[in-house]
Visitor: 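Quick one: this structure, given as structure tokens, is what I'll be asking you about.
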Amino acid sequence: MKKEVRVRFAPSPTGFLHVGGARTALYNWLFARHEGGKFLLRIEDTDRERSTPEMVDYIVEGLSWLGLDWDEEPIFQSHRLDVYKKYADDLVKRGLAYYARTVDEEQAGERTRREWVEAAPEEIGKVPLAVRFRVPVEGETSYEDLIRGLITFKNSEIGDFTILRSDGTPTYQLACVLDDHFMGITHVIRGEDHIPNTPKQILLYRAFGWDTPLFAHLPMILGPDKKKLSKRHGATAVLEYRDMGILPEALFNFLALLGWSPGEDREIVPKDEMIRLFDIRRVGKRAAVFDINKLLWMNSVYIRMKTDEELLRLVLPLFEERGLVKDDSDREKLLRLIPLLKERARVLPDFVEMGFYFFSDEFEYEEKGVRKYLQDPEVPGRLRLLRERLADIPEGEFRQEKIEETLRGLAGKLGIKAALLIHPTRLLLTGRTQGPGLFELMEVLGRDECLRRLDNYLKRVS
RNA sequence: GGCCCCAUCGUCUAAUGGCUAGGACACCGCUCUUUCAAGGCGGCGGCGGGGGUUCGAAUCCCCCUGGGGCCGCCA
């Protein structure tokens with residue numbers, strides 16, 4: 001019988017869910033789903049000073065938003081402190097670990113440095129002591145990385161390391177090994193920065209007489225300057241991307257392809273396809289630069305894939321916040337507006353940016369447009385004619401086709417190109433020189449509002 | 001500094017010894033069009049360097065160079 005695959009994501013609640021962490025979680029999740037195994041969550045909160053419950057909530061919120069779900073109750077390391085201590089003591093009893101303390105050693109001159117010394121027998125039980133694992137000086141420790149192949153370390157270069165702090169809490173090395181063992185973790189998929197920890201943990205597994213899981217180390221995510229991605233590169237927290245109007249599906253897709261490729265020339269890959277195609281061996285080895293530009297493009301693709309109703313639900317709060325949409329008739333208008341805007345939006349707030357003039361006439365004419373379209377002395381006369389013809393259309397017939405027919409008819413009569421009417425009209429109605437097709441936007445705006453906005457201008461120039 | 005990892009267009013990547021090194025983002029043209037987007041077509045642009053192995057290397061080996069990670073009673 002094949003053993004069930006069990007993987008975990010083990011964040012430390014000392015900060016927000018970083019996109020690097022999110023991608024690690026994502027790969028674990030994809031792997032588990034592909035293998036029909038379990039994806040678990042473990043909160044590594046043994047560092048009491050830096051861990052906070054709020055961060056746990058934010059991390060959980062970030063994972064949920066991204067669409068990652070886990071299969072069992074999350075494990076909190078802070079709830080299991082007695083377990084770690086017991087196993088550390090066991091190693092001491094068996095001579096594989098020892099009590100130790102630090103001393104400040106005077107180095108030549110003024111510099112002081114902390115050094116570890118094994119505690120004398122009479123000190124044990126009297127002063128706070130840490131437990132250190134004894135690493136053999138001889139031999140080497142190696143493992144087969146699922147992504148990178150054989151990796152070997154000389155034991156002499158590993159050196160003893162602390163497994164239990166003097167306050168009785170475990171360090172990462174100990175807690176990670178014990179929990180992975182008791183959680184039945186079969187594959188440890190984590191960031192490349194953990195490679196140097198791996199031999200230490202393997203040594204611990206052996207000391208306890210346990211089988212080691214399989215390891216896979218993911219490449220780093222870098223900023224545009226090729227340094228490890230951090231706050232100074234801009235947004236790094238998953239929820240920041242949510243707040244800037246990125247869709248979870250887009251970030252999911254983007255992160256999945258940052259370091260992994262399904263092997264076909266595909267960029268937009270639905271989640272179920274990804275699960276089907278995911279293969280940890282196809283994860284690349286080299287660090288990847290986080291290209292926000294490509295994310296924005298991908299987001300625009302996902303926006304266009306949404307239905308108008310879905311988009312309404314997503315952008316309505318943004319319009320309400322700005323006081324632009326107040327009642328049902330506004331909402332109805334917004335829904336009719338969405339198909340005009342979704343081709344042009346890259347992030348959700350773009351809808352507000354590009355659509356606010358449908359709900360408010362408090363805008364200035366774009367200066368470039370004034371220069372280009374309102375300078376010709378013929379313009380006011382032409383627009384007055386257009387205004388009259390539009391006014392003749394019954395309210396109920398103020399449809400895109402009818403408007404177009406009217407405007408083009410007038411242009412024909414005047415012997416001018418339709419563009420000479422279209423551009424100035426757009427400017428007066430929207431303040432912009434660019435945007436959705438004029439006739440579509442006029443229909444949504446409504447006859448009376450169109451006339452009003454034209455009049456605002458015509459009154460001033462007469 | 002020591003150890004470890006990595007190296008294909010500006011960026012994300014495909015290629016698993018054998019076609020003119022393919023795709024995507026970005027950029028630049030052309031096209032469609034009332035503008036802007038979207039779409040279509042096209043262009044620019046890459047195997048870090050040097051040695052080997054081989055009939056043949058982006059691909060395998062070695063060296064160099066460059067980049068990154070870790071060297072905590074953080075994870």
Side-chain angles (χ1 to χ4, degrees), chain A residues 10-15 21 44-47 49-51 77 100-102 114 116 128-132 145 147-149 151-154 156-159 161-173 175-176 190-199 217 219-220 222 224-228 254 257-268 282 284-298 300-301 304 340-346 350 354 369 372-373 404 407-408 411 417-427 430 432-440:
Chain A
S12 157
T14 53
E44 309 225 323
D45 55 353
T46 58
D47 182 355
E49 304 198 347
R50 299 200 306 146
S51 302
Q77 293 188 326
R101 61 186 169 81
T102 54
R114 300 230 286 192
W116 284 99
L129 295 170
V131 177
R132 304 262 295 169
D145 194 290
I147 293 172
R148 289 150 210 278
I151 297 182
T152 304
F153 293 83
K154 288 191 185 68
S156 59
E157 270 145 12
I158 298 172
F161 55 93
T162 303
I163 56 176
L164 202 71
R165 293 188 271 259
S166 53
D167 65 358
T169 61
T171 63
Y172 169 70
Q173 312 293 358
C176 181
R190 78 235 289 199
E192 182 182 28
D193 45 340
H194 284 295
I195 292 177
N197 288 327
T198 308
H217 288 95
M220 298 271 112
L222 310 177
D225 60 354
K226 306 273 184 112
K227 302 276 185 209
K228 192 172 176 175
F254 176 75
L257 261 46
L258 199 61
W260 171 73
S261 162
E264 308 159 36
D265 286 336
R266 299 181 54 185
E267 304 293 331
I268 304 298
R282 283 194 64 90
K285 296 183 184 70
R286 74 161 172 170
V289 173
F290 188 96
D291 183 3
I292 181 77
N293 211 23
K294 188 158 183 179
L295 204 212
L296 289 171
W297 164 77
M298 201 169 268
S300 76
V301 174
R304 273 176 267 138
L340 313 194
L341 302 180
K342 73 193 221 184
E343 289 289 310
R344 290 155 241 267
R346 297 214 296 174
D350 286 347
M354 299 185 307
K372 271 178 95 169
Y373 305 128
E404 177 158 13
L407 184 144
R408 289 196 190 278
K417 288 200 295 187
L420 288 177
L421 288 174
I422 289 171
H423 293 304
T425 303
R426 176 198 307 285
L427 185 67
T430 72
R432 313 277 178 93
T433 57
Q434 45 142 65
L438 179 68
F439 311 118
E440 321 168 65

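Excluded from the calculations below are hydrogen atoms, water molecules and symmetry mates; all remaining heavy atoms, backbone and side chain alike, are included.
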Visitor: Pairing check on B/rU16: which nucleotide meets the Watson-Crick or G-U wobble criteria with it, both distances under 3.5 Å?
Guide: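 Paired with B/rU16, as far as the under-3.5 Å criterion goes, is no nucleotide at all.
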
Visitor: If you round to the nearest 0.5 Å, how far is OG1 of A/Thr425 from CG of A/Leu420?
Guide: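 The distance works out to 10.5 Å.
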
Visitor: When the P atoms of B/rA21 and B/rC5 are considered, how many whole Å apart are they?
Guide: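 32 Å, rounded to whole Å.
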
Visitor: Between A/Asn293 and A/Lys228, just flag the one whose closest nucleotide in RNA chain B comes earlier from the 5' side.
Guide: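 It is A/Asn293, whose closest nucleotide lies nearer the 5' terminus.
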
Visitor: Using Watson-Crick or G-U wobble geometry with both distances below 3.5 Å, tell me the partner of B/rC70, or none.
Guide: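 Partner of B/rC70: B/rG2.
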
Visitor: B/rA75 base to A/Asn197 side chain: any donor-acceptor pair below 3.5 Å?
Guide: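 Counting by modelled atom types and ignoring angles, a donor-acceptor contact under 3.5 Å is found here.
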
Visitor: Paired with B/rG29 by Watson-Crick or G-U wobble geometry, both distances under 3.5 Å: which nucleotide is it?
Guide: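 B/rG29 is paired, partner B/rC41.
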
Visitor: Starting from the 5' end of RNA chain B, give me the residue, A/Gln77 or A/Phe153, whose nearest nucleotide shows up first.
Guide: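 Of the two residues, A/Phe153 wins.
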
Visitor: Under 3.5 Å, side chain of A/Asp145 to main-chain N/O of A/His217, donor-acceptor pair present?
Guide: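 The answer is yes, because a donor-acceptor pair under 3.5 Å joins these two groups.
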
Visitor: If you measure from the C1' atom in B/rC44 to the same atom in B/rC63, how many Å do you get, rounded?
Guide: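 One C1' to the other, the span is 35 Å.
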
Visitor: To the nearest 0.5 angstrom, please state how far the NE2 atom of A/His423 sits from the OH atom of A/Tyr373.
Guide: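 Rounded to the nearest 0.5 Å, the NE2-OH separation comes out at 4.5 Å.
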
Visitor: Between B/rC25, B/rU13, B/rG69, which nucleotide gets closest to the side-chain atoms of A/Asp291?
Guide: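 Of all the options, the side chain of A/Asp291 is nearest to B/rC25.
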
Visitor: So, does the side chain of A/Ser166 form a donor-acceptor pair with the base of B/rC73 at under 3.5 Å?
Guide: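 Such a pair exists between side chain and base.
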
Visitor: Of the nucleotides B/rU11, B/rA75, B/rA15, which one has an atom closest to the side chain of A/Tyr172?
Guide: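 When the side chain of A/Tyr172 is considered, B/rA75 is the closest of B/rU11, B/rA75, B/rA15.
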
Visitor: Is it the case that the side chain of A/Ser261 and the backbone of A/Gly263 share a donor-acceptor pair, with hydrogens and angles ignored and the cut-off at 3.5 Å?
Guide: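 Yes.
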
Visitor: Just to confirm, is there a sub-4.0 Å distance from OP1 or OP2 of B/rC73 to any side-chain nitrogen or oxygen of A/Arg132?
Guide: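 Yes.
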
Visitor: Nearest whole Å is fine: how far is B/rG10 P from A/Asp225 CG?
Guide: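 Taking CG of A/Asp225 and P of B/rG10, I get 17 Å after rounding.
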
Visitor: So which nucleotide from B/rC12, B/rC70, B/rA26 ends up closest to the side chain of A/Asp193?
Guide: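 Of B/rC12, B/rC70, B/rA26, B/rC70 is nearest to the side chain of A/Asp193.
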
Visitor: With both distances under 3.5 angstrom, what nucleotide forms a Watson-Crick or G-U wobble pair with B/rA7?
Guide: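 The answer is B/rU65, by the H-bond criterion.
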
Visitor: Taking only N and O in the side chain of A/Thr162, is any of them less than 4.0 Å away from OP1 or OP2 of B/rC73?
Guide: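 Looking at the OP1 and OP2 atoms of B/rC73, one of them is under 4.0 Å from a side-chain N or O of A/Thr162.
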
Visitor: When you compare B/rG48 with B/rC6, how far apart are their P atoms, in angstrom units rounded to a whole number?
Guide: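 B/rG48 and B/rC6 have their P atoms separated by 15 Å.
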
Visitor: Would you list the protein and nucleotides 5-7 of chain B atom pairs, both N or O, that sit under 3.5 Å from each other?
Guide:
| residue | atom | partner | partner atom | Å |
| --- | --- | --- | --- | --- |
| B/rC5 | O2' | A/Arg148 | NH1 | 2.5 |
| B/rC5 | O2' | A/Glu192 | OE2 | 3.0 |

Visitor: Report the base-pairing partner of B/rU54 (Watson-Crick or G-U wobble, both distances below 3.5 angstrom), or none.
Guide: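 Across any shown strand, B/rU54 pairs with none.
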
Visitor: Main chain of A/Pro436, side chain of A/Arg426: is a donor-acceptor contact present, judged purely on distance under 3.5 Å?
Guide: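 Here the side-chain-to-backbone pair exists.
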
Visitor: Please state the P separation for the pair B/rU11 and B/rG68 - nearest whole angstrom.
Guide: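 Per the computed distance, 14 Å lies between those P atoms.
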
Visitor: With rounding to the closest Å, how many angstrom separate the P atoms on B/rC9 and B/rG23?
Guide: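 These two P atoms come out 16 Å apart once rounded.
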
Visitor: Closest to the A/Lys294 side chain: B/rA75, B/rG68, B/rC12?
Guide: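 Out of B/rA75, B/rG68, B/rC12, the nucleotide with an atom closest to A/Lys294's side chain is B/rC12.
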
Visitor: Atom NZ in A/Lys342, atom OG in A/Ser300: separation rounded to 0.5 Å?
Guide: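 If I round to the nearest 0.5 Å, the distance is 12.5 Å.
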
Visitor: Rounding to the closest angstrom, what is the interatomic distance between B/rC61 and B/rA26 at atom C1'?
Guide: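 Those two atoms are separated by 37 Å.
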
Visitor: If we call it a pair only when both distances are under 3.5 Å in a Watson-Crick or G-U wobble match, what pairs with B/rA75?
Guide: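 The base-pairing partner of B/rA75, which may sit in any strand shown, does not exist here.
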
Visitor: Summarise protein proximity over nucleotides 32-42 of chain B in one line of letters, 5' to 3': B for base, S for sugar-phosphate only, - for none, counting protein heavy atoms closer than 4.0 Å.
Guide: --BBBBSS---

Visitor: Could you walk me through whether A/Ile195 and A/Arg148 pass the side-chain contact (heavy atoms from CB on, under 4.5 Å) check?
Guide: CA-CA 10 Å; A/Ile195 292 177; A/Arg148 289 150 210 278; 3.9 Å; yes

Visitor: Ignoring backbone atoms, test whether A/Arg50 places a side-chain nitrogen or oxygen under 4.0 Å from the OP1 or OP2 oxygen of B/rC73.
Guide: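 So the side-chain polar atoms of A/Arg50 never come under 4.0 Å of the phosphate oxygens OP1 or OP2 of B/rC73.
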
Visitor: Suppose you measure atom P in B/rC55 against the same atom in B/rG45; what distance do you get, rounded to whole Å?
Guide: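 B/rC55 and B/rG45 have their P atoms separated by 35 Å.
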
Visitor: In whole angstrom, give me the gap between the P atoms of B/rG51 and B/rA15.
Guide: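 Between the two P atoms, the distance is 28 Å.
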
